[in-house]
Structure formats: C-alpha cells, structure tokens
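Just the heavy atoms: all of them, side chains too, but no hydrogens, waters or symmetry mates, feed the values below. Since we're looking at a predicted model, the values are computed, not measured.
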Amino acid sequence: IELLLLILMARSDLWLPVTQELYAPLAECLPHRADDLSQIFRSFRDLKHVRDIYRLTVAAEDDLLPEELGYLAQVLGYCDDTDCNTGLRKLVDELLAQTRQVSSLVYSMLDELEI
C-alpha cells in the first residue's frame, strides 16, 4: 500500500509524508479514484496499527504469523473467552478480508497507471 501511495505521490508531484494528510491532495488529483483512495488509506491505517502493535508485543518483524496472533487479538479486544479461539479467528479473518480487498484496489490502480 505504501509503495502505491509513493508512486501516486510522485506521479502527482506531491511531496508529503505518507499519512492521512496525503488523502485530500491525492483525491483532488485523482477524483475518479477518491472512494478507492479512501478505502486504501483506511486499510493502510488499520493494517499499520495492527503491524505496529504486533511489532511491539510479539516480534519486531513485518510478517504477521497467524500462530503468534493470540496475544494481539487480546490486546485489540477481540477476545471474549479465556482461550480466545473465536477472537483470534475473527482477527485473522478480518485481516485476510481487508488484505484481499485492498490488494484488489492496489492492483487495479497499478494497472491504470500501466505499471
């Protein structure tokens, strides 16, 4: 996601940090993709939040290992039961669904840019 945003920034001649502040100028440059950009920024924020907490509490790595997400599910409030199996499954399902959805948008935008 971040690399796509950097590409869009360069193509739009914008020089801002990759934060939520970048959304409005990019949406102005690409009005036909404003809704997609909104979803991409939302996913970027959500996935970065999960990754940051994972890095702080489990391992200082970018790859999330499903077998290591139990503590993360507890920290993020997904667990109602003591063994947290349902909460863990919900977290993993949400991460996978969000990743699939945003991947589709990223590839669509890269195709449009002919990259």
Problem - Shortest non-hydrogen contact from Leu26 toward Ser12 - result: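 Minimum heavy-atom separation between Leu26 and Ser12: CD2-OG, 3.8 Å.
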
What residues, two or more places apart in sequence or in another chain, satisfy side chain to side chain contact (heavy atoms under 4.5 Å, CB included) together with [X]?
{"X": "Ser104", "value": "none"}
{"X": "Thr19", "value": "Pro17, Glu21"}
{"X": "Leu16", "value": "Leu22, Pro25"}
{"X": "Ala59", "value": "Tyr54, Glu61"}

Non-neighbouring partners of [X] that pass side chain to side chain donor-acceptor pair (under 3.5 Å), sequence neighbours left out:
{"X": "Arg42", "result": "Ser38, Gln39"}
{"X": "Asp63", "result": "none"}
{"X": "Asp111", "result": "none"}

Does a sphere of radius 6.0 Å around [atom1] in [X] hold more than 12 heavy atoms from other residues, nucleotides or ligands, not counting ones at 6.0 Å or beyond?
{"X": "Glu114", "atom1": "CD", "result": "no"}
{"X": "Gln20", "atom1": "CD", "result": "yes"}
{"X": "Asp46", "atom1": "CG", "result": "yes"}

What's the spacing between [X] [atom1] and [Y] [atom2] if we round to 0.5 Å?
{"X": "Thr57", "Y": "Asp52", "atom1": "OG1", "atom2": "CG", "result": "10.5 Å"}
{"X": "Leu105", "Y": "Leu4", "atom1": "CG", "atom2": "CG", "result": "9.5 Å"}
{"X": "Gln101", "Y": "Leu96", "atom1": "CD", "atom2": "CG", "result": "13.0 Å"}
{"X": "Ile53", "Y": "Leu64", "atom1": "CD1", "atom2": "CG", "result": "11.0 Å"}
{"X": "Leu30", "Y": "Arg11", "atom1": "CG", "atom2": "CZ", "result": "10.5 Å"}

Practice task
Enumerate the residue pairs fulfilling ring-ring contact (aromatic ring centres under 6.0 Å, His included) with a member in residues 16-38, sequence neighbours excluded, ordered by first and then second residue.
Solution key: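 Those involving residues 16-38 are Tyr23-Phe41.
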
When you group the ILVMFWY residues by side-chain heavy-atom contacts below 4.5 Å and let the links chain together, are [Y] and [X] in the same group?
{"X": "Leu37", "Y": "Trp15", "answer": "no"}
{"X": "Leu95", "Y": "Leu56", "answer": "no"}
{"X": "Phe44", "Y": "Leu6", "answer": "yes"}

Result block: side-chain N/O donor-acceptor pairs under 3.5 angstrom for residues 85-92, not counting sequence neighbours:
from  : atom 1 : to    : atom 2 : distance (Å)
Asn85 : ND2    : Asp83 : OD2    : 3.1
Arg89 : NE     : Asp93 : OD1    : 3.1
Arg89 : NH2    : Asp93 : OD1    : 2.9

Handout entry: Met109 and Ile115: CA distance, side-chain angles, deciding distance, side chain to side chain contact (heavy atoms under 4.5 Å, CB included) verdict
Key = CA-CA 9 Å; Met109 294 184 89; Ile115 294 176; over 6 Å; no

Problem - Salt-bridge contact Lys48-Glu2 (side-chain N to carboxylate O under 4.0 Å) - result: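 Result for this pair is no, no salt bridge flagged.
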
Handout entry: Residue pair Leu8, Leu113: steps toward the side chain to side chain contact (heavy atoms under 4.5 Å, CB included) verdict
Key = CA-CA 9 Å; Leu8 293 174; Leu113 294 169; 3.6 Å; yes

Handout entry: disulfide bond (SG atoms under 2.5 Å apart) partners of residues 69-115, not counting sequence neighbours, each pair once
Key =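 Sorted pair list: Cys79-Cys84.
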
Handout entry: disulfide bond (SG atoms under 2.5 Å apart) pairs, two or more places apart, involving residues 15-48
Key =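 Passing the test, one end in residues 15-48: no pairs.
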
Side-chain polar contacts of residues 68-77 - donor-acceptor pairs under 3.5 angstrom, sequence neighbours left out - could you list them?
none

Practice task
Give the C-alpha distance, both sets of side-chain angles, the deciding distance and a yes or no for side chain to side chain contact (heavy atoms under 4.5 Å, CB included) between Ser108 and Asp36.
Solution key: CA-CA 10 Å; Ser108 170; Asp36 293 339; 5.5 Å; no

